[in-house]
Amino acid sequence: MLKNISTLCFFALLFWACEAPTEATSDSSETKENPINTEETPAEYAIVIHGGAGTILRSDLTPEQDAAYREALNKALDIGEEILKNGGTSIDAVEQTIHFMEDSPLFNAGKGAVFNHEGHNEMDASLMMGNDRMAGAVGGVSNIKHPISAARAVMEKSPHVLLTGKGAEQFAADQNLEIVDPSYFYTQRRWDALQNALAREKEEGEAQVELDHNERKKGTVGCVALDKEGNIVAGTSTGGMTNKRWNRLGDSPIIGAGTFADNATCGVSCTGHGEFFIRWAVAYDVAARMAYKGIDINTAASEVINEELVKAGGEGGLIALDKMGNITMPFNSEGMYRGYAKPGERVVAIYKE
Ligand code: ASP
């Protein structure tokens with residue numbers, strides 16, 4: 001009898017010894033891949049967008065302006081959602097959604113881009129695939145109607161990731177992308193913003209850097225989508241910051257700073273004071289925190305935007321989604337034009353609400 005019990009104990013111990021390490025390994029790798037509850041059913045598709053973050057107070061917008069922004073955000077979501085719902089790819093959804101926002105004078109991207117110090121529009125855009133980490137970007141372009149399409153072309157048709165200035169414009173023309181006269185991007189509102197910035201700069205002299213930050217006109221656009229195949233794509237497009245000089249590039253065309261995507265973690269698009277987003281590698285940092293700390297997308301994004309950037313004094317926000325379709329849209333400024341759609345769910349928001 002005693003012999004039987006000890007034999008049983010021996011086998012029980014042996015079983016435990018063999019099983020325990022295996023369980024621990026599979027647990028930790030699963031945590032890395034699926035930061036959120038692994039039993040949750042993934043959303044069939046999901047799309048999240050932003051139209052820039054900054055000092056956007058309810059008192060700043062007339063009811064008409066407020067309604068116009070909400071309508072534009074809803075239309076942008078309609079475009080992307082329609083593609084995803086019908087089984088289209090996340091890259092098409094991101095490109096087409098951003099096209100609409102680039103065409104809208106409301107946002108600081110494409111038509112409606114802010115002016116640089118010399119009174120020109122210089123635009124930046126980038127795009128990244130979550131399945132294979134392919135990416136493309138353009139910086140400082142002045143005549144490409146849809147900079148996001150130029151970013152896609154760089155990824156798909158060139159051996160490079162980032163092209164800038166005249167070279168990027170030549171490449172886009174060679175790819176038969178739509179080229180327009182630079183005057184196409186002009187809007188009175190952004191021109192007036194530059195004149196205000198220049199006037200203040202004259203008065204305040206050396207305050208230029210601070211002035212850029214405070215006078216920065218929000219409106220950079222971004223989109224992250226998850227398609228039915230489970231692929232995540234992230235894209236960002238911007239005119240940069242009002243009164244920028246010396247061919248300044250912000251975070252938007254920098255992979256890892258303004259844009260990042262990896263199916264194993266998340267896709268991210270940022271908006272805010274680009275110099276901080278570059279130095280804090282914001283988009284990548286969200287994904288890295290998920291991978292290395294095993295935390296969920298909401299916690300990871302909030303740590304970066306509401307803790308790290310706040311400590312540093314970097315204003316802005318981001319949108320992100322993971323492969324389960326979990327969405328987060330944190331910002332540390334007064335407002336951020338933002339919204340998302342999933343089957344049966346739609347949110348559009350502007351202020352801290
Ligand atoms: N991040 C952009 C830049 O620094 C500007 C913005 O998002 O408002 O160029």
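Read the numbers this way: they start at 1 and go in the same order the structure lists the ligands and their atoms. The basis for the numbers below is simple: all heavy atoms, side chains too, and nothing from hydrogens, waters or symmetry mates.
- On a distance-only criterion, E275 and ligand 1 share no N/O pair closer than 3.5 Å.
- Less than 4.0 angstrom separates some heavy atom of D251 from each of these atoms of ligand 1: 1 (N), 2 (C), 3 (C), 4 (O).
- Note: an N/O pair closer than 3.5 Å links G274 and ligand 1 by distance alone.
- Salt bridge D296/R289: absent, no basic N to carboxylate O contact under 4.0 Å.
- For ligand 1, the polar-atom distance check finds an N/O of G272 within less than 3.5 Å of one of the ligand's N/O atoms.
- No donor-acceptor pair closer than 3.5 Å links the side chain of T164 to the backbone N or O of G140.
- The side chain to side chain donor-acceptor pair (under 3.5 Å) pairs that include a residue from residues 228-237 are E44-K228, E102-S237, N231-N263, T236-T259, T236-S269, where partners are two or more places apart or lie in different chains.
- A distance of 6.0 Å or more separates the ring centres of F185 and F115.
- Across all their heavy atoms, F277 and G272 have their closest contact at CE1-CA, 3.9 Å.
- Of all atoms in ligand 1, listed by their number and element, those nearer than 4.0 Å to a heavy atom of M241 are 4 (O).
- Using a 4.0 angstrom heavy-atom cutoff, G52 does not count as in contact with ligand 1.
- Of the polar atoms of T220, at least one N or O is found under 3.5 Å from an N or O of ligand 1, judged by distance alone.
- Atoms of ligand 1 found under 4.0 Å from any heavy atom of S252, numbered from 1 in the order shown, are 1 (N), 2 (C).
- Every atom of ligand 1 is numbered from 1 in the order shown, and the set under 4.0 Å from a heavy atom of T271 is 6 (C), 7 (O), 8 (O).
- Residue D124 places no N or O, backbone or side chain, under 3.5 Å from any N or O of ligand 1.
- Counted by atom type alone, D251 and H273 present zero donor-acceptor pairs between their side chains at under 3.5 Å.
- With a heavy-atom cut-off of 4.0 Å, C270 does not touch ligand 1 at all.
- K75 has a carboxylate O that lies under 4.0 Å from a charged side-chain N of E71, or vice versa, which qualifies the two as a salt bridge.
- At a heavy-atom distance under 4.0 Å, only side-chain atoms of R248, from C-beta outward, approach ligand 1.
- With 3.5 Å as the limit, one finds a donor-acceptor pair spanning the side chains of R346 and N74.
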